[in-house]
Amino acid sequence: MTVTVATLGFPRIGPRRELKFALEKHWSGKEDEVALNTAAAGLRTAAWARQRALGADWLPSCDFSLYDHVLDTSMMLGAIPARYRAADGQAGLSTYFAMARGSTGVAACCDTPHSVTAGEMTKWFDTNYHYIVPEIEPGQRLALGRLTVVDAYREAAAQGFATRPVLLGPVTWLSLAKGQGNDPFDLLDEVLALYAVILRHLAHAGAEWVQIDEPILVTDLTEQQRRAFTRAYARLARSGPKLMLTTYFGGLDDNLSLAAALPVAGLHVDLVRAPEQLDTVLRAVPKDMLLSLGVIDGRNVWRADLSALLDRIEPVARARDLVLAPSCSLLHVPVDLALERRLDGDVTLWLAFAVQKIAELAALKTALNDGRDAAAQAIAESDAAAASRCTSPRIHDRQVQERVAAVTPAMRERQGGLVRRIATQARVLALPAFPTTTIGSFPQTPEVRHARAEHQRGNLDDAGYDRFLRAETERTIRWQEEAGLDMLVHGEFERNDMVQYFGEQLSGFAFTLGGWVQSYGSRCVRPPILFGDVARPAAMTVEWWRYAQSLTDRPVKGMLTGPVTILNWSFVRDDQPREASCRQIALAIRDEVLDLEAAGCRAIQIDEAALREGLPLRRAGWQAYLDWAVDCFRLTAAGVADATQIHTHMCYSEFNDILPSIAAMDADVISIETARSQMELLAAFARYRYPSAIGPGVYDIHSARVPDEAEMVALMRLAQEHLRPEQLWVNPDCGLKTRRWDEVKPAIAAMVAAARTLRIGVTAPTEPVA
Ligand code: GLN
Ligand code: ZN
């Protein structure tokens, strides 16, 4: 039996973010479409050559995208909302970028300048990659656009690369699409007809196989979706190329029999997220269906344990032909570890980026086809790395483990119940009714970014940088006092990023210089790498808080990032459960909370911006996740006295199905995003009788528009329809770092004025409210 290697997709952004820079040059008008396409074609050619040289047998084409592969699919199907359609009906690159990013232009009809907003963007399953949500307008007709997948296949073939083109499957595309009261699945037959034509074109161009991605198969499916699968593949299987139905991000579970019964020629399953599905998959998948096993983690940066993998796969490979692949596209990991110069040797030994992962697959293939001796060196290196990960003192810290083991339930309980805390805090803080505050950051101006860059380059020494940051902080405190805010913040000027800032001060984290991963379009992030036990060698934020508080009599909030958010925005070690790592972070941040309190801080905000997005794809996994996530938050926060007010902040608005867990966090004040939903979500808080105080954001900081007093008063009046006045705070819906001071100043002034208007006739909450 033979084993071959596939890559399901390669990072598009380029080893040195070449795509990002090419896109930005094009958008700023410095380079035309031809230059952009030349740069993109160069990246594609390099990626094919690289993957083939590394030993991949199945090369993907059309895994590349200038912005987003979901948007590419929408364009191919002609799902272009009317507001983007040019007068001449053409849908070229400018239409594409308008859908991706919005545009300002001149309407063809009346010569007046108009702007179109971008399509909605949201997270691709449970990754940090964002796609443009397909929009299906009522009465929408579809029609084939440019067949980018056929172009990509031909482009590769012309260069001598035989590829397996990648298509996003019709059921996943429809499942991600958003109607406006209408049901996208009404278009199923129309969509299938177009897919059938695309597949026929691919066959005609010479494609023997097509990789058709249906990650929706690892989620809870409705009956409608299941029926759509059966109907779709009965039709598409007859359209030409053999189909490799590709699933990832989880196990097929109850959808396994559905998938295995589809008339496709191959099936790819994720054995990293769901290793336990191997046995049931082997039993369910017919012998004549080519099985592709996702054995190398496409979502994380750890080097694989080749010996352990071979132990599992050898018996399977004796019985049937196999394709070995990453669990999913390599889009979600950085390109090449060899480019990384800053990581120390130990950590480097434990890692594998996209290039290294393909080499691992090639080594597995060699060992399976020709015996382990044929891959002896790769196996020996992998063994050595695995052994050192088991024992390295850089990873394993006895003290941290003992501390986690010694956590008691009492450590997760505040001393007093909410009623007592509200009364105590009201006395200590003496805030007015409808207290005003902000979420933490103030504008990261070009000057702030410049100073940080100069400091990093060594052109500005530590003392000079510190002086600069203190001056920014002082100015911001003064301005907040003048503006009349009740609870102040220091402004977060010293922070590059809300997770990285803490990761850099904790042990157990490493940072890359070039480990970029695409977040959306040209935007990339460098997630911290959480490789070991986490400890906090020294206080992280106390001096900044102390300095800020020394400047004013008003309370200044301590500002921390919560453990769940730090975890969810990092590459997390895979040698222990995620929740074990989260508990370690929780203890480290708990130390910081207690140090802030000891320094005199009376209100501490612990941001959990990413708590909700950590929810598992399957409902069945939700409660277990929420339980440990809430536990970790409580472990972080609960050590303080009744008088210390714990705030938390979450910048999203979908709380309905997780409200009990939000309440169980037991924060004294929560600030949330509501400005865009007109306070609708507060009804849910009211129905649930949410007990603590809430700051429903009244200023949508994602928009450059400056709201006025009247509209914020109106929003707060809507809030009062649901919540008691003494429960309400007045604040923006997220940090202000992305805004400019000339936007922030009038908006906050109006917000303070709104709070003063609201206070008329209302007394401050000195009495318990519950
Ligand atoms: N405190 C952070 C800030 O204001 C919170 C950011 C966030 O929620 N994403 O920037
Ligand atoms: Zn936020």
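If you're wondering where the values come from, they're calculated on a predicted model, not measured in any experiment. Numbering of ligands and ligand atoms starts at 1, following listing order.
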Report yes or no: is the cationic atom of Arg342 (NZ for Lys, CZ for Arg) under 6.0 Å from the centre of the six-membered ring of Phe511, at an angle within 45° of the ring normal? no

What are the atoms of ligand 1, with element, lying closer than 4.0 Å to any heavy atom of Gly440? 4 (O)

Under 4.0 Å from one or more heavy atoms of Cys651, ligand 1 contributes atoms 7 (C), 8 (O), 9 (N)

Give a yes or no on whether His450 atom NE2 has more than 12 heavy-atom contacts from other residues, nucleotides or ligands under 6.0 Å away. no

Look only at interatomic distance and state if Leu736 has a nitrogen or oxygen under 3.5 Å from any nitrogen or oxygen of ligand 1. no

Would you call Glu492 and Lys737 a salt bridge, taking side-chain N to carboxylate O under 4.0 Å as the test? no

Is any N or O atom of His649, backbone or side chain, closer than 3.5 Å to an N or O atom of ligand 1? yes

Would you mind checking which non-hydrogen protein atom is closest to atom 6 (C) of ligand 1, with the distance to 0.1 Å? Met498 SD, 3.5 Å

Nearest-neighbour protein heavy atom for atom 1 (N) of ligand 1, which is reported as residue plus atom name and distance: Asp607 OD2, 2.7 Å

Within the 3.5 Å criterion, strictly below it, is a donor on His130 or Arg523 matched to an acceptor on the partner's side chain? no

among protein heavy atoms, the one nearest atom 10 (O) of ligand 1 is Ser441 OG, 2.7 Å

As a check for students: among Cys734, Ser671, Gly735, identify the option with a heavy atom nearest to atom 7 (C) of ligand 1. Cys734

Would Arg583 and Trp628 count as a cation-pi pair here, with the cationic atom under 6.0 angstrom from the ring centre and within 45° of the axis? no

Work out the angle at the Zn ion (ligand 2) between SG of Cys734 and NE2 of His649, rounded to 10°. 120°

Using ring centroids (six-membered ring only for Trp), state whether Trp741 and Phe442 fall under 6.0 Å. yes

Salt bridge or not between Asp68 and Arg12? Use side-chain N to carboxylate O under 4.0 Å. no

